[in-house]
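Here the structure comes first, spelled out in structure tokens, and everything after it is commentary.
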Number of protein chains: 2
Amino acid sequence: MAPRTRNNPLALAVLALLWERPMHPYEMSMTLRERRKDESVRLNFGSLYSVVDSLVKHGLIEAASTEREGNRPTRTIYRLTDAGATEAVDWLSDLLRTPVKEFPQFEAALSFLPLLGPDDVARLLRMRVSALQVSITTLDAAREQARAQGLPSIFVLEADYDSALLHAELDFVVGLEASITDGTLEGVGLWRELHTRAAGGRLEPEEIAEALAPYFTTEGAPPTA
Amino acid sequence: MAPRTRNNPLALAVLALLWERPMHPYEMSMTLRERRKDESVRLNFGSLYSVVDSLVKHGLIEAASTEREGNRPTRTIYRLTDAGATEAVDWLSDLLRTPVKEFPQFEAALSFLPLLGPDDVARLLRMRVSALQVSITTLDAAREQARAQGLPSIFVLEADYDSALLHAELDFVVGLEASITDGTLEGVGLWRELHTRAAGGRLEPEEIAEALAPYFTTEGAPPTA
DNA sequence: TCCCGAATGCTCGAACCAGAGTATATCTCG
DNA sequence: CGAGATATACTCTGGTTCGAGCATTCGGGA
């Protein structure tokens, strides 16, 4: 048995759903939608079916029956195996216990900020602030509605977490935009100078390289391993 | 020309590096390491070479020359094209302007928390708190060192962002653990009851299903599209 | 009655990604 | 001065992921 890789959390979602009752894949996807879990787990059809196949191959779930209703395509109904139940608990425990490094796209963008000029960046960040505010409002409304329906908080913790992250990002972006605009961000002078010298056209490559050189060319060893 | 998909931020990193000067792939990876950008962009060799190929195919970069030094494998040196420069600026602008939905694994784990019992979850969360504190300390030390070397903040914004997210997560987890432990989390009574009834063995599937039923079986329409 | 569109349920291929593997060269240290 | 460790520079392979596409059924309106 090939050593399973725990990369796609959709597989965990499948295990969790089958914990409740046997289902066919399409029903899994509909149930995840209904419970808004598709906001926390990337769900698409192709992945769902391959994830299910892989779980079968590793003995974590098994086909319980196949049925056809009317003249629709036949559906295969899967159930959890004992190994699958164990794996669900182990995997979930690991995810809770140990933070895994994520690579948000915005973080990547921040890494390459100096490509753009400070004024452009400030303008884009203001647009991001608006978008984040809209997201927060929408999310809060959804949480409010869930609460109004009497759904206990334990079942919507993921939305609370999402909200916490959104607020943190909003604060960060607001602060960053302000410090660029009022010039208090350390290094913004150098940055602006580079881009005004290149005004009108594309920034000369060498300029960035030269600006960075003093900080990177000489030293090479990691600070702490 | 096939419509390029902007999924792997490593491609943006390649464009950003070639903006400074022509390089061969291995040098790109070393430069990213040196500047600690591999903390913000997922970097591995296989992906790097395929990303470079794909950029060539789409005319965003091109081979400038190939050389061999001593008897080492030949290296192909790439340079940015005009189209590539445009794409870098457009892509970066998009990333800054528009938040994209991410799917952190911890959020997925929170979605399926009720699989475990409240006491187990609380214990695991306490371990997560420790791990997060270590991460924060390590990151702060690295930032401090960068500052001490005189590297202006603009070049390490990504670490500030990371730090902001880590703090937000830490606060969230601390609060969650406390509210589970002291019983103030809404629904924790129901949750605990379910798991003590199943004490000793595996939770009976039907129990979860029944507990969830009142909240999900009747309504189906999204709150807001 | 018949057609349109939505819902149901899955299949397929192409792209993408991870990371182990390969092969040489140079450095290190007794 | 030779053995192993480290650095250089990729290549290969097999799995994963995406999302469009397909085939069917059902409901509702003209």
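Computed from a predicted structure; not experimentally measured. Any value given below was found using the heavy atoms of this structure, including those in side chains, with hydrogens, waters and symmetry copies removed. Below, read A as the first sequence line, B as the second, and so on, with proteins coming before strands; counting in each chain starts at 1.
The residues B:E27 and B:R75 are annotated as not salt-bridged, no charged nitrogen and carboxylate oxygen being separated by less than 4.0 angstrom. A salt bridge is absent between A:R97 and B:D120: the closest approach of a Lys/Arg side-chain nitrogen to an acidic carboxylate oxygen does not fall below 4.0 angstrom. Under a 4.0 Å N-O distance rule, the pair B:R35/B:E20 qualifies as a salt bridge. Note on B:R36 versus B:E158: no salt bridge recorded, every NZ/NE/NH1/NH2 to OD/OE distance being 4.0 Å or above.
Look at B:Y26 and you'll find a side-chain N or O under 4.0 angstrom from OP1 or OP2 of D:dT8. For C:dC10, one of the phosphate oxygens OP1 or OP2 lies less than 4.0 angstrom from a side-chain nitrogen or oxygen of A:Y49. In this structure, B:H24 does not reach the D:dT8 phosphate: none of its side-chain N or O atoms is under 4.0 Å from OP1 or OP2.
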Distances under 3.5 Å only, N/O to N/O: pair up the protein atoms with those of nucleotides 16-20 of chain D.
| unit_1 | atom_1 | unit_2 | atom_2 | d |
| --- | --- | --- | --- | --- |
| D:dT17 | OP1 | A:N8 | ND2 | 3.4 |
| D:dT17 | OP2 | A:N8 | ND2 | 3.0 |
| D:dC18 | OP2 | A:N44 | ND2 | 2.9 |
| D:dC18 | OP2 | A:S47 | OG | 2.9 |
| D:dC18 | O5' | A:N44 | ND2 | 3.2 |

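Distance A:E27 CD to C:dT8 C1': 12 Å, rounded to the nearest Å. At whole-Å resolution of the value, CG in B:L48 and P in D:dC12 are 16 Å apart. Atom CG of B:D38 and atom C1' of C:dG19 are 16 Å apart (whole Å). Nucleotide C:dG9 holds its P atom 13 Å from the CE atom of A:M28, rounded to whole Å. Rounded to whole angstrom, the span from the CE atom of A:M30 across to the P atom of C:dT8 amounts to 6 Å. For B:L32 and D:dT8, the CG to P distance is 15 Å, given to the nearest whole Å. To the nearest angstrom, C1' of D:dA9 lies 12 Å from CD1 of B:I77. Residue B:R75 contributes atom CZ, which lies 14 Å from atom P of C:dA25 at whole-angstrom precision.
Of all heavy-atom pairs between B:W91 and B:L12, the closest is CZ3-N, 3.4 Å.
Considering only heavy atoms from C-beta on, A:R79 stays 4.5 Å or farther from A:I61 through its side chain.
Proximity of a side-chain donor or acceptor of A:K37 to a complementary backbone N or O of A:A13 within less than 3.5 Å is not detected.
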